[in-house]
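What follows is a short report on a single structure.
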Amino acid sequence: MKRCFIFSAGTFYGLRERLAPGDLCIAADAGYRACRQAGIVPDLLLGDFDSMDQPEDFANVLRSPVEKDDTDTMLAVKTGLEKGCKEFHLYGGTGGKRLDHTLANLQTLLYLRRRGARGYLYDDDFVWTAIENEELTVEKTVEWGLFSAFCLGDRAEGVDEEGLQYPLRDAVLTPEFPIGVSNHILEPRARVAVRKGVLIVGWELPPLKG
């Protein structure tokens, strides 16, 4: 499965997955700084360069207009999909001063899922993904590790959560009440499923060493 690594201009908390030969790496605007901080030379730098000046010493640049419908991260996602990528790792997509971009990137996870790909959005010792009419198994990597699930859309029906402190069975989650926040993974593997609807699911990761 071809993977795409995207570095955006939010807060970079460290690299969780390492690039392998054949992976695609895209820096979105000022995400170029985080990419270089991780010791990675991206395959492509794109964006409208409203958060940093376009570097003069990098050749493979795709410049976009400032006034556009897509965020720079979404442009990177669309590029990765065009290149045939099915797994996306998004860094620098949270934090910073722009909650609006964090929310946009959570929605972008669903954009990916509905196009046959899966995205992972990395926060501070946390990772998020979207599931729709399906189930997901999560490995416990932190003792008493946090786990949260939120409805993205009108309602999510037939929600099961197993292997957690507060299990659910055939539950309904709605966007106006965050009942899925701050659960804990107890078993070696936790399972979350939704029969009809969309969930944004996040779980805790072990602290990075060094």
Side-chain angles (χ1 to χ4, degrees), residues 1-113 115 117-130 141-142 200 202-210:
M1 182 182 294
K2 187 173 182 179
R3 304 188 303 172
C4 180
F5 287 70
I6 296 172
F7 290 80
S8 300
T11 304
F12 178 57
Y13 297 102
L15 199 62
R16 290 285 177 176
E17 289 284 333
R18 298 288 173 179
L19 277 81
D23 290 339
L24 175 66
C25 181
I26 303 174
D29 205 321
Y32 179 76
R33 298 187 184 118
C35 194
R36 299 309 301 265
Q37 180 184 335
I40 298 167
V41 178
D43 299 300
L44 174 66
L45 169 60
L46 58 73
D48 53 24
F49 298 99
D50 63 348
S51 53
M52 79 166 196
D53 293 331
Q54 180 178 329
E56 297 180 357
D57 59 348
F58 190 83
N60 197 12
V61 175
L62 178 62
R63 191 173 188 117
S64 62
V66 174
E67 295 183 359
K68 61 186 187 303
D69 291 335
D70 294 327
T71 65
D72 290 332
T73 300
M74 178 60 83
L75 284 175
V77 161
K78 288 182 175 181
T79 301
L81 288 170
E82 290 170 359
K83 300 292 186 181
C85 298
K86 294 296 184 181
E87 183 176 307
F88 288 72
H89 296 269
L90 280 62
Y91 293 95
T94 67
K97 298 180 179 180
R98 297 294 301 271
L99 177 60
D100 54 346
H101 277 283
T102 297
L103 294 172
N105 292 330
L106 288 168
Q107 289 185 326
T108 298
L109 296 174
L110 178 58
Y111 181 90
L112 283 166
R113 197 70 198 108
R115 285 152 184 81
R118 179 166 306 280
Y120 297 96
L121 175 64
Y122 294 93
D123 195 28
D124 190 5
D125 294 338
F126 227 81
V127 62
W128 295 92
T129 194
T141 58
V142 178
I200 293 293
W203 60 96
E204 190 175 358
L205 300 173
L208 287 170
K209 296 179 180 179

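None of the values given here were measured: they were computed from a predicted structure.
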(message) side-chain contact (heavy atoms from CB on, under 4.5 Å) for Asn105 and Thr108? Distances and angles first, verdict last.
(response) CA-CA 5 Å; Asn105 292 330; Thr108 298; 4.3 Å; yes
(message) Can you pull out every side chain to side chain donor-acceptor pair (under 3.5 Å) where at least one residue sits in residues 37-46? Sequence neighbours excluded, please.
(response) none
(request) Return yes if some donor-acceptor pair links the side-chain N/O of Asp125 with the main-chain N/O of Leu205 below 3.5 Å, else return no. (result) no
(request) Mind telling me whether Tyr91 and Phe12 have parallel, tilted or perpendicular rings, with 30° and 60° as the class edges? (result) perpendicular
(message) Would you say that Arg36 contacts Val41 through its side chain, given a criterion of any heavy-atom pair below 4.5 Å between the two side chains?
(response) yes
(request) Decide yes or no on side-chain contact (heavy atoms from CB on, under 4.5 Å) for Asp23 and His89, but give the supporting numbers first. (result) CA-CA 11 Å; Asp23 290 339; His89 296 269; over 6 Å; no
(request) State the CD1-CG distance between Ile40 and Leu15, to the nearest 0.5 angstrom. (result) 5.0 Å
(request) Taking all non-hydrogen atoms of both residues into account, name the closest pair between Thr94 and Tyr122 and its distance. (result) OG1-O, 3.8 Å
(request) Go through the steps to decide whether Tyr111 and Leu81 satisfy the test side-chain contact (heavy atoms from CB on, under 4.5 Å), and finish with yes or no. (result) CA-CA 11 Å; Tyr111 181 90; Leu81 288 170; 3.8 Å; yes
(request) Indicate yes or no: at least one non-hydrogen side-chain atom of Leu208 is less than 4.5 angstrom from one of Arg16. (result) yes
(message) Using side-chain heavy atoms (C-beta onward) and a distance below 4.5 Å, is Pro55 in contact with Tyr32?
(response) yes
(request) For the pair Arg118 (side chain) and Ala130 (backbone), establish whether a donor and an acceptor sit closer than 3.5 Å, ignoring hydrogens and angles. (result) yes
(request) List the atom of Ala28, the atom of Thr73, and the distance in Å for their closest heavy-atom pair. (result) CB-N, 4.2 Å
(request) Might you point out which heavy atoms bring Val77 and Phe88 nearest each other, and give the distance in Å? (result) O-CE2, 3.7 Å
(request) Using a 4.5 Å cut-off on heavy atoms from C-beta on, say whether the side chain of Pro206 contacts that of Val142. (result) yes
(request) Mind listing the closest non-hydrogen atom pair of Phe7 and Ala38 along with its distance? (result) CE2-CB, 4.4 Å
(request) Count the heavy atoms of every other residue, nucleotide or ligand shown that sit under 6.0 Å from NZ of Lys83, and state whether that count exceeds 12. (result) no
(request) Please round to the nearest 0.5 Å and tell me the distance separating atom CG of Asp123 and atom OG1 of Thr102. (result) 7.5 Å
(request) Give, for atom CZ of Arg63 and atom CG of Leu45, the distance between the pair rounded to the nearest 0.5 Å. (result) 9.5 Å
(message) What I'd like to find out is whether the side chain of Cys25 reaches to under 4.5 Å of the side chain of Arg3, using heavy atoms alone.
(response) no
(request) Hey, could you give me the CE/CD distance between Met74 and Gln107, rounded to the nearest 0.5 Å? (result) 8.5 Å
(request) Take Leu90 and Ser8 through the side-chain contact (heavy atoms from CB on, under 4.5 Å) test and state the conclusion after the steps. (result) CA-CA 7 Å; Leu90 280 62; Ser8 300; 5.9 Å; no
(request) Determine the minimum heavy-atom distance between Ile26 and Cys4, stating which atoms define it. (result) CD1-SG, 4.0 Å
(request) Taking the side chain as every heavy atom from C-beta outward, state whether Pro42 and Phe58 have any atom pair closer than 4.5 Å. (result) yes
(message) Surrounding CZ of Arg18 (heavy atoms of other residues, nucleotides or ligands, distance under 6.0 Å), is the total greater than 12?
(response) no
(request) Please round to the nearest 0.5 Å and tell me the distance separating atom CG of Asp72 and atom CD1 of Ile6. (result) 11.0 Å
(request) Please name the pair of heavy atoms, one in Cys85 and one in Ala117, separated by the smallest distance, quoted to 0.1 Å. (result) O-CB, 4.3 Å
(request) Indicate yes or no for a side-chain donor-acceptor contact from Thr11 to the backbone of Gly92 under 3.5 Å, with no hydrogens or angles considered. (result) no
(request) Any chance you could measure Trp128, atom CH2, to Tyr120, atom OH, to the nearest 0.5 Å? (result) 14.5 Å
